[in-house]
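As structure tokens, the structure follows; a few thoughts come after it.
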Amino acid sequence: MRKLALTFSLLVALLCNMALGQIMTPVKWDAKIDMTGDDEGQVVLTATISSGWHMYSLDCDPDAGPQILEITYPKLNGVTLEGKPIPNKPSHKQYDEMFAAELSWWTQGVTITQKFKATQPEFNIDVMVVCSACNDENCIPPSRSNFNLSGKATIKAVPKKTNRRPRRTSC
């Protein structure tokens, strides 16, 4: 009886371990800062998408149905963002009958850059990425990735204004 209980416990533990291993994460994110000048740089977000999966892009209609890619910056210290996020390749566009809308997505992977200008010698950028992915059989719920990035910049000195009055010359 004791051997049967031990065998049953081991079987349950093995099945639980296998079930936890089945959590799907078809999109994996990496983030870094790339300085392109003394006080200019870009946040580089790289998504690696598993084979057979696709991740919805930035330019999907948010009312169409699937969770579109959202990139937000909850906290910016010492930087200002410039422009919009730019992907390194165009997204695939296709009409989807299930959502009755034209959707756009990427497969395999994509790198998205966001330019910024440093306003302080040391800066911090918090990035939050929310995305959803599907394959031919199912979709995963939206997943969130958070990054805290920091860097250093060389800020050019702004000439100080002087309060001196211009000199008058007499004739």
Study note, to complete from the structure: Here the gap from Trp53 atom CH2 to Met24 atom CE, rounded to the nearest 0.5 Å, amounts to 4.5 Å

Can you list, pair by pair, the side-chain donor-acceptor contacts under 3.5 Å of residues 120-127, counting residues two or more places apart and other chains?
from	atom 1	to	atom 2	distance (Å)
Asp126	OD1	Asn148	ND2	2.6

**Study point:** Residue Lys115 excluded, over 12 heavy atoms near NZ under 6.0 Å
**Key:** no

**Study point:** Spatial distance of atom CG (Asp38) from atom NZ (Lys152) [nearest 0.5 Å]
**Key:** 15.0 Å

Review point. Would a 4.5 Å heavy-atom cut-off, applied to side chains only, mark Val43 and Thr113 as touching?
Key: no

Review point. If you count the non-hydrogen atoms of other residues, nucleotides and ligands that lie under 6.0 Å from CG in Asp136, is the total more than 12?
Key: no

Review point. Tell me, which pairs form a disulfide (SG to SG under 2.5 Å) where one or both residues lie in residues 89-148, sequence neighbours left out?
Key: Cys134-Cys139

Review point. Between Ala31 and Leu45, what is the shortest heavy-atom contact and its length?
Key: CB-CD2, 3.6 Å

Show me the side-chain donor-acceptor pairs of residues 71-85 shorter than 3.5 Å, one per line, residues at least two apart or across chains.
none

Review point. So, for Asn135 and Asn138, which heavy atoms are closest and what is the spacing to 0.1 Å?
Key: OD1-N, 2.7 Å

Check your understanding: Can you tell me if Ser132 uses its side chain to pair, donor with acceptor, with the backbone of Ile140 under 3.5 Å?
Key -> yes

Point to revise | Counterpart residues, side chain to side chain donor-acceptor pair (under 3.5 Å), relative to Lys32 (two or more places apart) | key: none

Check your understanding: How are the rings of Trp105 and His54 set to each other: parallel, tilted or perpendicular (split at 30° and 60°)?
Key -> tilted

Review point. Is there a side-chain contact (heavy atoms from CB on, under 4.5 Å) between Asp39 and Lys156 once you walk through the steps?
Key: CA-CA 8 Å; Asp39 63 349; Lys156 296 175 182 126; 4.3 Å; yes

**Study point:** salt bridge (charged side-chain N to carboxylate O under 4.0 Å, His left out) against Asp59, all qualifying residues, sequence neighbours excluded
**Key:** Lys93

Exercise for review: Could you list the residues that satisfy side chain to side chain donor-acceptor pair (under 3.5 Å) with Lys89, not counting sequence neighbours?
Suggested key: none

Check your understanding: Minimum heavy-atom separation for Tyr56 to Gln67, with atom names?
Key -> CB-O, 3.7 Å

Revision key, fill the gap. Output for pair (Ser104 OG, Asp96 CG), nearest 0.5 Å, gives 11.5 Å

Point to revise | Side-chain touch Met35/Glu40, heavy atoms, less than 4.5 angstrom | key: no

Revision key, fill the gap. All heavy atoms of Ile68 vs all of Ser57, minimum pair found to be CB-O, 3.6 Å

Exercise for review: Apply the test side-chain contact (heavy atoms from CB on, under 4.5 Å) to residues Gln108 and Ile49: give CA-CA distance (whole Å), side-chain angles for both, the deciding distance (0.1 Å), then the verdict.
Suggested key: CA-CA 5 Å; Gln108 298 176 328; Ile49 305 167; 5.6 Å; no

Review point. If you look at every heavy atom in Trp29 and Met55, which pair is closest and at what distance?
Key: CZ2-SD, 3.6 Å

**Study point:** Leu69 side chain near Ile112 side chain, heavy-atom distance below 4.5 Å
**Key:** yes

Check your understanding: Going hydrophobic residue to hydrophobic residue with side-chain gaps under 4.5 angstrom, can you get from Phe147 over to Ile33?
Key -> yes

Check your understanding: Quick one: CD1 on Ile86 to CD on Gln42, what's the gap to the nearest 0.5 Å?
Key -> 8.5 Å

Review point. Would Gln94 and Leu103 satisfy side-chain contact (heavy atoms from CB on, under 4.5 Å), going step by step from the backbone distance to the final call?
Key: CA-CA 6 Å; Gln94 183 173 324; Leu103 302 178; over 6 Å; no

**Study point:** Candidate pair Val129 and Glu70, rule side-chain contact (heavy atoms from CB on, under 4.5 Å), full reasoning
**Key:** CA-CA 6 Å; Val129 180; Glu70 290 183 23; over 6 Å; no

Review point. Quick one: does Val110's side chain get under 4.5 Å of Asn88's, heavy atoms only?
Key: yes

